[in-house]
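Everything below concerns the one structure shown next.
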Protein chains: 2
Amino acid sequence: MPSVLSSRDKILDVGESLFARRGYAGVGMREVAQLSGLGKSSLFHHFRGKGQLYAEVRIRTLKRIRDALAPFLTLETAPLEALEEGMCALIDSFAEHPTSARLLLRGLVEEEIFSGESPPELEEAEQILAELLDDLSELIERGVKAGELRAVAVPDTMQSLIGLVAYHFASGAMGERILGEALFSSSAVRRRKREVVNFIREGLRAPRSDRDEEREDPT
Amino acid sequence: MPSVLSSRDKILDVGESLFARRGYAGVGMREVAQLSGLGKSSLFHHFRGKGQLYAEVRIRTLKRIRDALAPFLTLETAPLEALEEGMCALIDSFAEHPTSARLLLRGLVEEEIFSGESPPELEEAEQILAELLDDLSELIERGVKAGELRAVAVPDTMQSLIGLVAYHFASGAMGERILGEALFSSSAVRRRKREVVNFIREGLRAPRSDRDEEREDPT
DNA sequence: GTCTATAGTGAGATAGAC
DNA sequence: GTCTATCTCACTATAGAC
């Protein structure tokens, strides 16, 4: 590992920052080059084109998110606890890489990005995302079946969790206006974790009686 | 009111649909013109330029959202009930205008849209949004002070509610993949309302004892 | 691996006839 | 109000020297 970033990594960093802030169409290769300290043409030596750069940036981001979440998507922890701790780990990951949430949200919300054909690398990104969502879905379902969670609709709950965590850290200037504080200050991150965990715990946990019922179910 | 849309309204409709799907930078005036059934130059007769068109689209959308939410942001209803009913009304509004949520979310998340100076009309949009957020903030604060809601952090709760409602209906193809169903089908909308209301009620309501405490507080 | 130069396209916007 | 024609500029991408 070189202590100085390779040109390729530098380009990826710059691209990640710009794509997160402005979206695919809002970014020009000229600006990516300038901020990378390279000539415009040098970019095309490292990446086939803007499309591939975007895809590689997305892959890197999604892998980071997957790595943060993976330890909690196993079968070893109780579902509600795994959900709470997983969301905390995700928030920590977002806090460490402030562009991640925006890029994730853009990937979830944005469509019709490529007018012609999309770069083949995007499929890898889609697959990482798909696996992640599948694992999360299974976790929630396990929680419901175990009686730890209320009888929520699993897909809607997925959407709720994404909205709860990803939107907040993607909300930029408007989020900071609402918070009256930097989104990624350590106090704001700590508070967000607390609020999200409380919201999830109170909002999704099965009421006492249900949980007892489930445990005692003799069928 | 003419039964046939004026050119201006037609352009606004087309612009709204395109800006919601692709964002400001992803939309070309040529495409707006074609879908409006006009020549490119005719657009510039109705709007000073792309920036103004975007601003007008945002204003129209935000006014729709404000009108849907306004009845529940008064002081007349109990806060938790107002919150639940307000979110339902917002969901109904999103369901009626499927571009609204996306455009709202884009407005909240997107920055640095204009490279040069931004159109003056955008300030009107920002003000509508600011008033809306202020009113929502006050509602939550009233709920906490009245002891109806837990002692949540008000700004974080705002963010949570936005994420819960706006993200879902902005999530497009990915949301439909998660749901396994069209986002705006009547059954999906009904279910979303139920899930959001339950999540809010269970997740934000103060526990029984607190609510009793507050009511009996003799100080 | 980086550069200069440039091709080629499409963007936003304007002028002026009808 | 709408059109055709045109301007200027920025964009992605390539060619080829170093």
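Throughout, a chain's letter reflects where its sequence line sits, starting with A, and its residues are numbered from 1. Worth knowing before you read on, the calculation uses all heavy atoms, side chains too, and leaves out hydrogens, waters and symmetry mates.
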May I ask you to verify whether the side chain of B:Ser41 and the base of D:dA5 hold a donor-acceptor pair under 3.5 Å?
yes
Ion pair B:Glu195/A:Arg150, N-O distance below 4.0 Å
no
Starting at [atom1] of [X] and ending at [atom2] of [N], how long is that distance when rounded to a whole Å?
{"X": "A:Arg30", "N": "C:dT6", "atom1": "CZ", "atom2": "C1'", "result": "16 Å"}
{"X": "A:Lys40", "N": "D:dC9", "atom1": "NZ", "atom2": "C1'", "result": "12 Å"}
{"X": "B:Phe47", "N": "D:dT2", "atom1": "CZ", "atom2": "C1'", "result": "15 Å"}
{"X": "A:His45", "N": "C:dT4", "atom1": "NE2", "atom2": "P", "result": "16 Å"}
{"X": "A:Leu38", "N": "C:dC3", "atom1": "CG", "atom2": "C1'", "result": "10 Å"}

Check this one for me: any side-chain N or O of B:Ser7 less than 4.0 Å away from OP1 or OP2 of D:dT2?
yes
Quick check on C:dG1: is either OP1 or OP2 less than 4.0 Å from any side-chain nitrogen or oxygen of A:Ser42?
no
The residue, A:Arg48 or A:Glu31, whose nearest nucleotide of DNA chain D is more 5′ is A:Glu31
Determine yes or no for a side-chain-to-main-chain donor-acceptor pair under 3.5 angstrom, with B:Glu16 supplying the side chain and B:Leu12 the backbone.
no
Has B:Ser93 got a side-chain atom pairing as donor or acceptor with B:Ala89's backbone, closer than 3.5 angstrom?
no
Exercise: identify the closest heavy-atom pair between B:Ala188 and B:Leu179:
CB-CD2, 4.0 Å
